Amino acid sequence: MKKSLFKKEYKVLLEQLYRLRVSSNMRQSDLAKKLNLPQSFISKVESGERRLDLVELRLICKVLGSNLEEFTREFEKALNERK
């Protein structure tokens, strides 16, 4: 079975997360600083090298001025547009 990290759905999730960060006018280093994490953490997440759990995703959404519900809605919309 193919790891979900490499599935199309996970790639769309990472693209959504990237768009949210960029639309929040934050660099990776800005986001990392607000999360009290190294910039390499954000880089690894956005490149797909590191997976996020739900708690981490929720916190990132919150720091970027969104919330998990809104992020999930946009994620589902993006997935449906790619079918």
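None of the values given here were measured: they were computed from a predicted structure. Position 1 is the first residue of the sequence, and the numbers go up from there.
- At distances below 3.5 Å, at least one donor-acceptor pair connects side-chain atoms of Ser47 with backbone N or O atoms of Ser43.
- Rounding to the nearest 0.5 angstrom, the gap separating the NZ atom in Lys34 from the OG atom in Ser29 is 12.0 Å.
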Apply the test side chain to side chain contact (heavy atoms under 4.5 Å, CB included) to residues Leu20 and Ile60: give CA-CA distance (whole Å), side-chain angles for both, the deciding distance (0.1 Å), then the verdict. CA-CA 10 Å; Leu20 180 59; Ile60 290 172; 5.8 Å; no
Start with the C-alpha gap between Leu31 and Leu37, add the side-chain angles, then the distance that decides, and say whether side chain to side chain contact (heavy atoms under 4.5 Å, CB included) holds. CA-CA 8 Å; Leu31 178 57; Leu37 293 168; over 6 Å; no
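- Arg50 places no side-chain N or O within 3.5 Å of a backbone atom of Val45 that could act as its donor or acceptor partner.
- Distance CG/Leu14 to CG/Leu52: 7.5 Å, rounded to 0.5 Å.
- Using a 4.5 Å heavy-atom threshold, the side chains of Glu74 and Arg19 count as separate.
- Counting heavy atoms from C-beta on, the side chains of Glu46 and Phe41 never come closer than 4.5 Å.
- The distance from the CD atom of Glu9 to the CD atom of Glu76 is 9.5 Å, given to the nearest 0.5 Å.
- Taking the side chain as every heavy atom from C-beta outward, Leu64 and Phe71 never approach each other to under 4.5 Å.
- Here Arg82 pairs with Glu15 in a salt bridge; the nearest charged N to carboxylate O distance falls below 4.0 Å.
- Remark: side-chain polar atoms of Thr72 are paired, donor with acceptor, to backbone N or O of Leu68 under 3.5 angstrom.
- Put simply, the side chain of Leu13 does not reach to within 4.5 Å of the side chain of Leu79, judged on heavy atoms.
- To the nearest 0.5 Å, atom NZ of residue Lys77 and atom CD of residue Gln16 are 9.0 Å apart.
- Clustering of Ile, Leu, Val, Met, Phe, Trp and Tyr by side-chain heavy atoms under 4.5 Å joins Val55 with none of the others.
- Using a 4.5 Å cut-off on side-chain heavy atoms (C-beta onward), Leu35 and Ile42 make contact.
- Judged by the 6.0 Å and 45° rule, Arg51 forms a cation-pi pair with Tyr10.
- Gln39 contributes atom CD, which lies 10.5 Å from atom NZ of Lys44 (distance to the nearest 0.5 angstrom).
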Checking salt bridge (Lys or Arg N to Asp or Glu O under 4.0 Å) for the pair Arg27/Asp30: CA distance, chi angles, key distance, verdict? CA-CA 5 Å; Arg27 296 172 295 174; Asp30 299 327; 3.1 Å; yes
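- Taking the side chain as every heavy atom from C-beta outward, Cys61 and Asn67 never approach each other to under 4.5 Å.
- One hydrophobic cluster, built from ILVMFWY side chains closer than 4.5 Å, cannot hold both Val12 and Tyr18; they sit in different ones.
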